[in-house]
Amino acid sequence: MVSIAEIKKYPIPQHVAVIMDGNGRWAKLRNKDRLIGHQQGAAALRNTLEGALELGIKYLTVYAFSIENWNRTESEVSGLMNLFVKTCKLELPTLQKHNIRFRAIGNLAMLNKDCQNSIRVMEEQTMQNTSLTLLVAISYSARWEIANAAKCIAEDVQAGKYHIDDIDEQTVSQHLLTRDIPDPDLLIRTSGEYRISNYLLWQIAYTELYFTDCFWPDFNKEQLFEAVSDYQKRERRFGKTSEQL
Ligand code: IPE
Ligand code: IPE
Ligand code: MG
């Protein structure tokens, strides 16, 4: 196991994004309901968040529910939504205690009123917190986010705020839900799948990718340290050559 002291000798990623996958398979292996897997997943997030704080990571963005996940069974979807509301209530004091800011990104209008209220309360109550920002991607899809940005830009042009020729990469970035947040340095996907599943497609252009077979409910701070340590061994070239860095 890598120690925090060892990791802290090298640059810590400022922003870590996570695809928390494998809750269902974790439960199936144990002959349990998928929802038990999701509950354990919430516990794994708590531990991972603790690890992120210990390392001094500034932004942790977690994929909790995709727009595509709305196609799951009614009972799984409602179970997940209830778990979200319950977890928000339960964890608010912990977020306050650790000075963590909460933010939700996604097509939030698709969520039920209880979820929307939870998000409003969590965002309002933690607005001033500064140690780490926890972004929860819920009812999120990157293609939806990008299409939405295109719509907003078109509206701005129509309203005469700027000209078509002024649109550049920065304009697009500024119309995404992550407009004021640096791009992820590291993306972790659990459960042994090697895909992005419509997550932060614009933002991960130069993100380092880390895949692990571990199912999300088994993930914890030690695994996070392992991923960060792996990240620290990489050379990020952004198109340049080694010699130019
Ligand atoms: C991730 O675990 C959580 C959500 C997508 C909500 P899954 O529920 O996708 O678990 P698997 O991939 O079926 O094992
Ligand atoms: C991605 O997991 C979404 C979340 C972790 C919330 P999925 O389980 O939905 O992804 P696919 O369907 O395997 O690509
Ligand atoms: Mg999955």
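Counting starts at 1 for both ligands and their atoms, following the listed order.
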Are [X] and [Y] close enough that some pair of their side-chain heavy atoms sits under 4.5 Å apart?
X      : Y      : value
Ile188 : Tyr231 : no
Asp180 : Arg103 : yes
Asn198 : Ile67  : no
Tyr63  : Asp21  : no
Ile119 : Phe84  : yes

Check each atom of ligand 2 against the heavy atoms of [X] and keep those under 4.0 Å away; list them by number with element.
X      : answer
Arg189 : 2 (O), 10 (O), 11 (P), 13 (O), 14 (O)
Arg195 : 11 (P), 13 (O), 14 (O)
Asn69  : 3 (C), 6 (C), 9 (O)
Asp21  : 2 (O), 8 (O)
Phe65  : 6 (C)

Got the closest protein heavy atom to [atom], with its distance?
atom                    : answer
atom 14 (O) of ligand 2 : Ser197 OG, 2.6 Å
atom 1 (C) of ligand 1  : Met20 O, 3.0 Å
atom 10 (O) of ligand 1 : Gly24 N, 2.9 Å
atom 8 (O) of ligand 1  : Arg72 NH1, 2.7 Å

Q: Find, among atoms of Asp21 that are N, O or S, the one nearest to the Mg ion (ligand 3), and state its name.
A: OD1

Counting only heavy atoms closer than 4.0 Å, does ligand 1 sit against the backbone of [X], its side chain, both, or neither?
X     : answer
Lys28 : neither
Ala64 : backbone
Glu68 : neither

Q | Proximity of Tyr199 to ligand 2 by residue part, where a heavy atom lies under 4.0 Å | A | neither

Q. Will you find, in the side chains of Ser191 and Trp216, an N or O donor that is under 3.5 Å from an N or O acceptor?
A. no

So, the side chain of [X] versus the backbone of [Y]: is there a donor-acceptor pair under 3.5 Å, distance only?
X      : Y      : value
Lys58  : Thr130 : yes
Arg30  : Ala27  : no
Glu208 : Arg236 : no
Asp156 : Tyr162 : no

Q: Please indicate whether Gln170 has more than 12 foreign heavy atoms, meaning atoms of other residues, nucleotides or ligands, lying under 6.0 Å from its CD.
A: no

Q: Determine whether more than 12 heavy atoms belonging to other residues, nucleotides or ligands lie under 6.0 Å from atom CD1 of Ile164.
A: no

Q.
With the threshold set strictly below 4.0 angstrom, can you tell me whether any protein non-hydrogen atom sits that near atom 12 (O) of ligand 2?
A. no

Q) Mind checking whether the Mg ion (ligand 3) has an N, O or S of Glu193 under 2.8 Å? A) no

Q) With atoms numbered from 1 as shown, which atoms in ligand 1 lie under 4.0 angstrom from a non-hydrogen atom of His38? A) 3 (C), 8 (O)

Q | Proximity flag Glu193 to ligand 2, non-hydrogen atoms under 4.0 Å | A | no

Q. Can you tell me if Arg34 has a non-hydrogen atom under 4.0 Å from ligand 1?
A. yes

(Q) With a 4.0 Å cut-off on heavy atoms, is Ser191 in contact with ligand 1? (A) no

Q) Honestly curious: do Leu92 and Leu83 fall in one hydrophobic cluster under the side-chain, below-4.5 Å linking rule? A) no

Q.
Between ligand 1 and Arg25, is the shortest N or O to N or O distance under 3.5 Å?
A. yes

